[in-house]
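For reference, the structure discussed in these notes is given below.
Read the numbers this way: they start at 1 and go in the same order the structure lists the ligands and their atoms. FYI, the numbering just counts along the sequence from 1.
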Amino acid sequence: AQNPLLQLHRLWMVLRSASGCARVCGCNETGMLERLPRCGKAFADMMHKVDVWKWCNLSEFIVYYESFTNCTEVETNIVGCYWPNPLAQSFITGIHRQFFSNCTVDRAHWEDPPDEVLIPLIAVPVLLTVAMAGLVVWRSKRTDQLL
Ligand SMILES: *[C@@H]1O[C@H](CO)[C@@H](O)[C@H](O)[C@H]1NC(C)=O
Ligand SMILES: *[C@@H]1O[C@H](CO)[C@@H](O)[C@H](O)[C@H]1NC(C)=O
Ligand SMILES: *[C@@H]1O[C@H](CO)[C@@H](O)[C@H](O)[C@H]1NC(C)=O
Ligand SMILES: *[C@@H]1O[C@H](CO)[C@@H](O)[C@H](O)[C@H]1NC(C)=O
């Protein structure tokens, strides 16, 4: 059984990337797939400085992991794509597989972040979207009144 919140989060990411923004916002997926491996390479270089037996202990390399995540976000945004998106996520999953495939104990942790992490992750973009839609309606109503 999967965490329903996590499923909702995945669904949200798919919806966001499927909302036509790939074209409208000029998301260059080719460019993204070219750039992401640089992040993976930098992360691999840093991980190789960490003893292999520590690879399942997140606190040993959380700094590297955060800078890797940040790198994927920055590079994804440079080519005009949203982050996260399914392509970037499958790249990140590949990196996880490469380094953490033997971390059976931690797997649940990687795939099922606690609800305290997921709720803002889902709620914030949803609320923002609702707020934006409300703003558009409000502004069009106001324009109606002015005209
Ligand atoms: C997308 O990125 C690729 C690789 O960097 C580049 O060759 C191509 O010109 C880009 N396409 C657009 C529309 O910017
Ligand atoms: C993980 O690394 C931290 C920091 O070095 C250490 O304090 C902790 O005991 C380690 N945990 C395990 C389970 O090895
Ligand atoms: C992410 O990386 C960019 C560019 O390297 C940097 O300017 C920014 O401060 C970083 N953000 C975080 C949260 O580390
Ligand atoms: C996982 O374990 C297998 C078998 O012991 C080993 O060949 C492989 O290199 C390990 N992978 C990682 C990422 O540690």
* Please state whether the rings of Phe61 and Tyr65 are parallel, tilted or perpendicular, taking 30° and 60° as the class boundaries. =>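 Taking Tyr65 first and then Phe61, their aromatic rings stand perpendicular (interplane angle over 60°).
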
Residue, atom name and distance, where the atom is the protein heavy atom closest to [atom]:
atom	value
atom 9 (O) of ligand 2	Asn57 ND2, 4.8 Å
atom 5 (O) of ligand 1	Glu34 OE1, 3.1 Å
atom 13 (C) of ligand 1	Asn28 ND2, 4.3 Å
atom 3 (C) of ligand 2	Ser59 OG, 3.4 Å
atom 4 (C) of ligand 3	Val74 CG2, 4.4 Å

Any heavy-atom pair between the side chains of [Y] and [X] that's under 4.5 Å?
X	Y	result
Phe68	Thr72	yes
Phe43	Thr69	no
Lys41	Asp45	yes

Would the distance check show the side chain of Asp51 and the main-chain N or O of Lys54 forming a donor-acceptor pair, the cut-off being under 3.5 Å?
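Judged by distance alone, no pair lies under 3.5 Å.
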
Checking the side chain of Asn77 only, and the main-chain atoms of Glu73 only, is there a donor and an acceptor separated by less than 3.5 Å?
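Answer holds: yes.
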
Here the atoms of ligand 2 under 4.0 Å from any heavy atom belonging to Glu60 are 2 (O), 4 (C), 5 (O)

Please check atom 11 (N) of ligand 1 for a protein heavy-atom neighbour under 4.0 Å. yes

Nearest protein heavy atom under 4.0 Å from atom 7 (O) of ligand 2, yes or no: no

### Query
Taking both backbone and side-chain atoms of Thr30, is any N or O found less than 3.5 Å from an N or O belonging to ligand 1?
no

| Against heavy atoms of Asn70, which atoms of ligand 3 measure under 4.0 Å? |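 Contacts of ligand 3 toward Asn70, numbered from 1: 1 (C), 2 (O), 3 (C), 8 (C), 10 (C), 11 (N), 12 (C), 14 (O).
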
Checklist entry - Between Phe99 and Trp53, is there a shared hydrophobic cluster once you connect ILVMFWY residues whose side-chain heavy atoms come closer than 4.5 Å? => result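 Looking at the clustering, Trp53 is in a separate group from Phe99.
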
